[in-house]
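See below for the structure under consideration.
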Number of protein chains: 2
Amino acid sequence: MTLHHDIARKLAEAGIPLTSQRLLIACELFAEHCHLSADELLLRVGSLTPDISRATVYNTLKLFSQKGLVQELVVDNGKRVYDSNTAPHPHCYNADTGELTDVHQPLQLAGPLPELPPGTALERVDIIVRVRNVA
Amino acid sequence: MTLHHDIARKLAEAGIPLTSQRLLIACELFAEHCHLSADELLLRVGSLTPDISRATVYNTLKLFSQKGLVQELVVDNGKRVYDSNTAPHPHCYNADTGELTDVHQPLQLAGPLPELPPGTALERVDIIVRVRNVA
DNA sequence: CTTCCGGTTTAGACTGTGTCTAAAAACTGA
DNA sequence: TCAGTTTTTAGACACAGTCTAAACCGGAAG
Ligand SMILES: [Mn+2]
Ligand SMILES: [Mn+2]
Ligand SMILES: [Zn+2]
Ligand SMILES: [Zn+2]
């Protein structure tokens with residue numbers, strides 16, 4: 001029924017026990033498709049009652065990404081962002097503003113994937129279109 | 001003639017005045033195709049005489065990448081690496097070991113680039129094949 | 001109800017990467 | 001030689017992320 005019920009089911013399906021902190025964090029992540037860093041998320045949930053510790057935000061985001069609920073992206077300047085859309089899709093990064101947006105047009109690779117190094121398996125292919133503001 | 005002369009010319013063509021520190025750093029970068037972080041490079045030149053300060057390594061790498069002599073990459077875990085190969089080419093990243101290698105097979109995108117956000121111009125398209133060690 | 005016990009959260013110290021500042025040093029040209 | 005500019009430098013600083021050890025919580029057992 002409610003958004004909270006949807007989220008509770010989502011966590012249960014991923015085998016993640018429900019806690020109030022996880023519910024709050026998931027609520028913020030899944031309300032809309034977004035690209036949030038840990039500290040941005042901390043700021044958002046921090047404006048709610050009661051506060052959630054920084055360590056919990058970091059731990060929870062790592063847990064969610066390990067369980068496949070969000071996608072961890074590193075695009076620039078050493079700040080990880082978490083993408084609530086786990087489907088593979090390319091991104092557009094503005095190197096001047098730091099803004100990260102989705103590319104909805106599905107950029108595909110031409111031809112087959114390269115042979116991977118021995119002993120490794122494909123995780124995913126990241127495609128990032130880097131742009132700059134025109135003068 | 002010598003490698004040092006090649007490098008001196010390369011810097012001159014890029015409009016970068018030559019200094020002993022820049023020569024040493026460039027020498028380490030361009031001797032072979034490599035992906036080095038600032039601190040890895042600092043370690044390498046630090047084993048030579050006389051030491052170069054950390055600030056100079058950071059400043060020089062930023063200068064080189066602004067002038068197009070190297071390519072700055074951010075692939076994971078908030079550590080920048082500098083690629084002495086400035087041609088666009090895809091990379092393979094092992095998320096378990098942190099190893100970053102070149103993909104020599106030229107992965108191309110199928111179809112046209114997406115429409116860029118208004119007021120922006122394309123810088124480049126990064127393609128990163130992420131792999132993991134098999135169990 | 002009380003006790004126990006595993007998983008969870010928490011504050012705060014700590015690490016590593018990168019930036020900034022102000023002074024020293026090294027060039028440059030007159 | 002001397003002034004002006006660029007470059008280098010040490011060290012302080014900012015920030016993202018990790019780690020640790022203790023507090024907390026909720027359910028099961030007694
Ligand atoms: Mn996305
Ligand atoms: Mn490369
Ligand atoms: Zn909610
Ligand atoms: Zn050399």
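Letters A, B, ... are given to chains in the order of the sequence lines, protein chains preceding strands, and every chain is numbered from 1.
Partners of B/Ser65 by side chain to side chain contact (heavy atoms under 4.5 Å, CB included), not counting sequence neighbours, listed by chain and number: B/Val70, B/Glu72, B/Tyr82. Take B/Asp76 and apply the salt bridge (charged side-chain N to carboxylate O under 4.0 Å, His left out) test, not counting sequence neighbours, and it matches no residue. Not counting sequence neighbours, A/Pro88 has no partner by the side chain to side chain contact (heavy atoms under 4.5 Å, CB included) test. Remark: A/Glu123 engages B/Arg130, B/Arg132 in a salt bridge (charged side-chain N to carboxylate O under 4.0 Å, His left out) (not counting sequence neighbours). Under the rule for a side chain to side chain contact (heavy atoms under 4.5 Å, CB included), B/Thr86 has no partner lying at least two apart in sequence or in another chain.
Applying the 4.0 Å criterion to OP1 and OP2 of D/dC25, one finds that A/Gln21 has every side-chain N and O outside that range. Residue B/Ser53 places no side-chain N or O under 4.0 Å from the OP1 or OP2 atom of D/dT8.
Applying the side-chain hydrogen bond (donor to acceptor under 3.5 Å, both in side chains) definition to pairs two or more places apart or across chains, those involving residues 7-25 of chain B are B/Asp6-B/Arg9.
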Next item on the list: Evaluate the criterion side-chain hydrogen bond (donor to acceptor under 3.5 Å, both in side chains) for residue pair B/Asp83 and B/His89; output intermediate values, then yes/no.
Entry: CA-CA 10 Å; B/Asp83 189 337; B/His89 60 284; 3.0 Å; yes
N/O donor-acceptor pairs under 3.5 Å from side chains in residues 57-64 of chain B, not counting sequence neighbours:
from, atom 1, to, atom 2, distance (Å)
B/Tyr58, OH, B/Asp39, OD2, 3.3
B/Asn59, ND2, B/Ala55, O, 3.3
B/Thr60, OG1, B/Thr56, O, 2.7

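Bracketed by its first and final contacts, the part of DNA chain C lying under 4.0 Å from non-hydrogen atoms of chain A reaches from C/dT8 to C/dA11 in 5' to 3' order.
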Close N/O contacts between protein and nucleotides 15-19 of chain D (under 3.5 Å):
from, atom 1, to, atom 2, distance (Å)
D/dA16, OP2, A/Asp39, OD2, 3.4
D/dA16, O3', A/Gly78, O, 3.4
D/dG17, OP1, A/Arg80, N, 2.8
D/dG17, OP2, A/Tyr58, OH, 3.2
D/dG17, N7, A/Arg54, NH1, 3.2
D/dG17, N7, A/Arg54, NH2, 2.8
D/dG17, O6, A/Arg54, NH2, 2.9
D/dT18, OP1, A/Lys62, NZ, 3.4

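When heavy atoms are screened at a 4.0 angstrom cut-off, A/Thr19 is found touching the sugar-phosphate backbone but no base atom.
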